[in-house]
Amino acid sequence: MSFTTECCSTPPFQTEYTPTGKTFKLKDDLDCYAVGDPNSKAAIIYLYDIFNLHPNAYQGCDILARSGFRVIMPDIFRKDPTPVQSLGNPEKFMDFINRKATYEVLKDDFALIKNYIKNVEGFENVFLIGFCVGSKMAMILSAHDPFYKAGALIHPTLLEISDFEKAQFPVVLLPAKTDRDFSEDFAVISAKPFGNLCYHQRFDDMVHGFCSARGDWTDALNSKRANEAFSISVSTFYKVLKSQGN
């Protein structure tokens, strides 16, 4: 399983942000951040990176909500980000991933999240957006459940071509310059019946993490590129909705 070196070597960018949404408990040990109009046409499940509830994750949710979506960010790692001592140590990093981010570990949580967003909030049109390891979670969910309409994979890691072979939804694929080449993977997903709805663009002037915890959004170029990545994701989600008559 290939991962991006920056995942286990570069610390998050230090910043502050005041979220506009609210946090609620889905169960005793699982908090969710929710923002956006509950009467929106569609919802997005926001799958954060290895640094979890970083201020940029909250701000990312709020940006997507302003684009017309209801956004739910589950704290699936339970306020337990990648340990600092694992940075620079691929073995410790992968131990964290195996303990926290496999389908077997997360499937019950995602069943709860799906039930909430579908049966409590009433959404049938639900998208996934994943950053870093969150992209792997999005693809795993797609392989196991055709409920989700599409997924945006932003500076993804841990992905294998088998993830694209098993995916059941259109994909927005937005790697950074330090991420691996996804040309072959994109060819696989583009050959599927929904391939015309897929999109691939490299951000070769951005480092891994530019849209999440490693992004310095006070930097003009970083902010511009992050907003571009969010806009591409949102535009593709709306394109998927339109293709399905929604």
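A donor-acceptor pair under 3.5 Å is absent between the side-chain atoms of S235 and the main chain of I232, judged by distance alone. Not one N or O on the side chain of N119 forms a donor-acceptor pair closer than 3.5 Å with the backbone of I117. For the pair K239 (side chain) and V234 (backbone), a donor-acceptor distance under 3.5 Å is absent. Within the 3.5 Å criterion, the main-chain N or O of A138 finds no donor-acceptor partner in the side chain of S142. At distances below 3.5 Å, at least one donor-acceptor pair connects side-chain atoms of K192 with backbone N or O atoms of A167. Judged by distance alone, with hydrogens and angles left aside, the side-chain atoms of Q168 form a donor-acceptor pair with the main-chain N or O of A143 at under 3.5 Å.
One hydrophobic cluster, built from ILVMFWY side chains closer than 4.5 Å, cannot hold both Y103 and V126; they sit in different ones. Following chains of ILVMFWY side-chain contacts shorter than 4.5 Å, one cannot reach I140 starting from V133, and the two form parts of different hydrophobic clusters. In the hydrophobic cluster analysis, where Ile, Leu, Val, Met, Phe, Trp and Tyr join through side-chain heavy atoms closer than 4.5 angstrom, F237 is grouped together with F147.
Residue pairs meeting the salt bridge (Lys or Arg N to Asp or Glu O under 4.0 Å) criterion with at least one member in residues 140-154, sequence neighbours excluded: K114-D145. Each salt bridge (Lys or Arg N to Asp or Glu O under 4.0 Å) pair with one or both residues in residues 31-47, not counting sequence neighbours, appears once here: K25-D31, D31-K79.
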(request) Apply salt bridge (charged side-chain N to carboxylate O under 4.0 Å, His left out) to the pair K177 and D205, showing each step before the final yes or no. (result) CA-CA 6 Å; K177 67 178 179 180; D205 56 357; over 6 Å; no
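Checking H155 against D179 by side-chain atom types alone, no donor-acceptor pair falls below 3.5 Å.
Between Y17 and D62, the closest side-chain pair of non-hydrogen atoms falls below 4.5 Å.
A search for ring pair (Phe, Tyr, Trp, His ring centres under 6.0 Å) contacts involving F230 returns nothing, not counting sequence neighbours.
The residues D163 and K136 are annotated as salt-bridged, a charged nitrogen and a carboxylate oxygen being separated by less than 4.0 angstrom.
Within a 6.0 Å radius of NZ in K166, no more than 12 heavy atoms belonging to other residues, nucleotides or ligands are found.
Taking the six-membered ring where the residue is Trp, F127 and F69 present perpendicular rings, their angle passing 60° and hence far from 30°.
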